[in-house]
There are 2 protein chains.
Amino acid sequence: MTEPRWLDEREQRAWRSLMKMQDGLSEFLERHLRNRCGLSGADYQVLAHLSEAPEGRLRSFELGRLLHWEKSRLSQHLGRMQNRGLVSRERCLADQRGAVVAITPRGSDLIKIAAPQHVADVRDVLIDHLTATEMAMLVTIGDKVAERLAALEHEH
Amino acid sequence: MTEPRWLDEREQRAWRSLMKMQDGLSEFLERHLRNRCGLSGADYQVLAHLSEAPEGRLRSFELGRLLHWEKSRLSQHLGRMQNRGLVSRERCLADQRGAVVAITPRGSDLIKIAAPQHVADVRDVLIDHLTATEMAMLVTIGDKVAERLAALEHEH
DNA sequence: ACCGTCTGGTTGACATGGGAACCAAGTGCC
DNA sequence: GGCACTTGGTTCCCATGTCAACCAGACGGT
């Protein structure tokens with residue numbers, strides 16, 4: 001194997017900066033969600049997707065696809081959220097195997113309170129400090145990564 | 001409370017792009033580390049820090065500060081890594097409370113194999129596709145976020 | 001109708017992460 | 001010296017995530 005191409009100073013800074021931002025953002029946002037609403041990031045995402053779905057209901061596997069979650073993870077998490085009264089589950093009429101997940105009034109109230117605060121937080125630590133150019137750049141970079149990941153996925 | 005300022009189209013795209021990149025990158029990098037070397041991302045970071053430290057040894061709390069880990073997490077994780085023979089722990093001579101963590105030959109061998117592959121992966125999915133401008137932008141954005149988080153931390 | 005296969009979901013075992021209680025060793029102050 | 005307070009670590013308990021095994025209902029070919 002040839003000598004590996006280590007990251008130079010500039011590359012190193014970019015990579016570390018991204019990692020640190022990742023950690024900082026998720027730590028901050030999760031902590032605030034938890035403290036103010038008793039919701040984890042995972043809870044929030046589930047409720048967000050459900051509340052945007054027609055009638056606040058989704059097939060389990062649809063939800064899983066949207067979140068990119070393992071099916072076991074989804075099942076376990078929905079079980080816990082059901083115990084807390086945030087969602088309910090019924091058997092699907094069309095497909096007797098399937099389950100339909102619905103947001104409960106309690107879950108709906110919670111997400112209505114959580115969402116604006118969450119968005120405010122996102123603005124406060126990130127979006128409101130970025131220029132139009134910087135936002136565009138984020139999209140560009142994200143697209144490049146997504147494209148590369150998809151390519152690697154494809155070639156096995 | 002006034003009407004919340006939701007994210008507009010452009011802001012939304014930037015935010016989602018960043019989140020998706022976060023998920024995609026960490027999933028990819030963790031999977032490869034795990035498959036090729038049997039290391040989790042957490043293992044890797046511990047070994048990386050230790051291998052860069054003088055004599056491959058660090059005070060436990062130093063390591064914790066570098067990683068921004070809860071002390072209980074660090075303790076538990078080091079225990080598991082010790083069981084796998086990747087690190088060793090001794091009482092600190094200078095401070096009888098403290099522990100000194102040292103990388104073992106086995107841990108050292110592993111990180112020497114893992115590091116170049118990991119760097120190659122980072123290049124492959126991110127760094128090698130970025131322009132100098134984009135890398136600089138990442139640093140700028142990261143600094144802004146860090147600064148804002150520090151400010152919030154400070155004002156309680 | 002029957003059988004092999006696929007699909008949607010659940011379950012159990014286990015690895016990991018966070019928080020509080022706890023313990024032992026330093027430190028500061030009298 | 002003695003005593004309160006801090007610091008470094010471990011432990012316990014619980015929430016969360018992954019993986020593999022399992023189960024029941026659909027589906028396709030015969």
Side-chain angles (χ1 to χ4, degrees), chain A residues 22-24 26-35 37-47 57-102, chain B residues 22-24 26-35 37-47 57-102:
Chain A
Q22 238 175 42
D23 288 356
S26 50
E27 192 279 334
F28 174 82
L29 294 172
E30 288 249 352
R31 180 156 43 83
H32 279 224
L33 266 179
R34 178 88 59 185
N35 289 346
C37 307
L39 291 175
S40 68
D43 298 331
Y44 181 84
Q45 290 186 62
V46 168
L47 293 181
R57 34 178 60 248
L58 277 175
R59 281 296 300 270
S60 231
F61 77 103
E62 272 297 334
L63 187 51
R65 207 171 43 69
L66 291 171
L67 295 166
H68 305 113
W69 280 9
E70 301 273 330
K71 57 185 183 174
S72 81
R73 176 183 182 186
L74 183 60
S75 177
Q76 307 252 25
H77 204 95
L78 289 177
R80 289 187 296 258
M81 291 181 73
Q82 191 173 23
N83 290 339
R84 291 192 285 151
L86 302 178
V87 303
S88 65
R89 282 188 287 188
E90 316 155 9
R91 280 192 100 59
C92 175
L93 298 179
D95 184 336
Q96 284 301 110
R97 293 170 297 186
V100 176
V101 189
Chain B
Q22 233 174 49
D23 287 356
S26 50
E27 195 277 335
F28 174 81
L29 294 173
E30 288 249 351
R31 181 157 41 83
H32 279 225
L33 267 180
R34 177 89 58 186
N35 290 345
C37 309
L39 291 175
S40 68
D43 298 331
Y44 182 84
Q45 289 187 62
V46 169
L47 294 181
R57 36 178 61 248
L58 277 175
R59 282 296 301 269
S60 231
F61 78 102
E62 272 298 333
L63 188 51
R65 205 170 45 68
L66 292 171
L67 295 165
H68 304 115
W69 280 8
E70 299 274 329
K71 55 187 184 172
S72 82
R73 176 183 181 186
L74 183 61
S75 176
Q76 306 254 22
H77 204 94
L78 289 178
R80 289 188 295 258
M81 291 182 73
Q82 192 173 25
N83 290 339
R84 291 191 286 150
L86 302 178
V87 303
S88 64
R89 282 188 288 188
E90 316 155 9
R91 282 193 97 62
C92 175
L93 298 179
D95 184 338
Q96 285 301 111
R97 293 169 296 186
V100 177
V101 190

For the pair made of CG in L67(A) and P in dT16(D), what is the distance, rounded to whole Å?
15 Å

Whole Å only: how far is the CG atom of L74(A) from the P atom of dT7(C)?
18 Å

Does dT16(C) have OP1 or OP2 under 4.0 Å away from a side-chain N or O of R80(B)?
yes

Please compare F61(A) and A94(B) by the position of their nearest nucleotide in DNA chain C and report the one closer to 5'.
F61(A)

Within less than 4.0 Å of OP1 or OP2 of dT16(C), is there a side-chain N or O belonging to H77(B)?
no

Suppose we call a contact any N or O donor and acceptor under 3.5 Å apart; does that hold for the side chain of R97(B) and the base of dT7(D)?
yes

Between dA25(C) atom C1' and R59(B) atom CZ, what is the distance in whole Å?
11 Å

Check: dG12(C) base within 3.5 Å donor-acceptor of Q76(A) side chain
yes

Can you tell me the distance, in whole Å, between the CD atom of Q96(B) and the P atom of dT27(C)?
12 Å

If you round to the nearest 0.5 Å, how far is CZ of R97(B) from CZ of F61(B)?
9.0 Å

Tell me whether the side-chain N/O atoms of R89(B) come closer than 4.0 Å to OP1 or OP2 in dG9(D).
no

Closest to the 5' end of DNA chain D, once D95(A) and W69(A) are matched to their nearest nucleotides, is W69(A)

Are any of R91(B)'s side-chain N or O atoms less than 4.0 Å away from OP1 or OP2 of dA25(C)?
no

On DNA chain C, nearest-nucleotide positions of S72(B) versus R84(B): which is more 5'?
R84(B)

Nearest-Å distance for atom pair CG/C1', residues N35(B) and dT18(D)
13 Å

Could you state the CG-P distance from L78(B) to dT16(C), rounded to the nearest angstrom?
12 Å

Can you check whether Q22(A)'s main-chain N or O pairs, donor with acceptor, with S26(A)'s side chain at less than 3.5 Å?
yes

Evaluate the side-chain contact (heavy atoms from CB on, under 4.5 Å) criterion for residues E90(A) and R57(A): first the C-alpha distance (whole Å), next the side-chain angles of each, then the deciding distance (0.1 Å), finally the verdict.
CA-CA 10 Å; E90(A) 316 155 9; R57(A) 34 178 60 248; 3.2 Å; yes

Could you state the interatomic distance from CZ (R65(B)) to CZ (R59(B)), rounded to the nearest 0.5 Å?
12.0 Å

Let me know the distance between NZ of K71(B) and P of dT6(D), rounded to the nearest Å.
13 Å

Taking atom P of dA15(D) as reference, at what distance in whole Å does atom CZ of R31(A) sit?
21 Å

Rounded to the nearest 0.5 Å, how far does NE2 of H77(B) lie from CD of Q82(B)?
12.5 Å

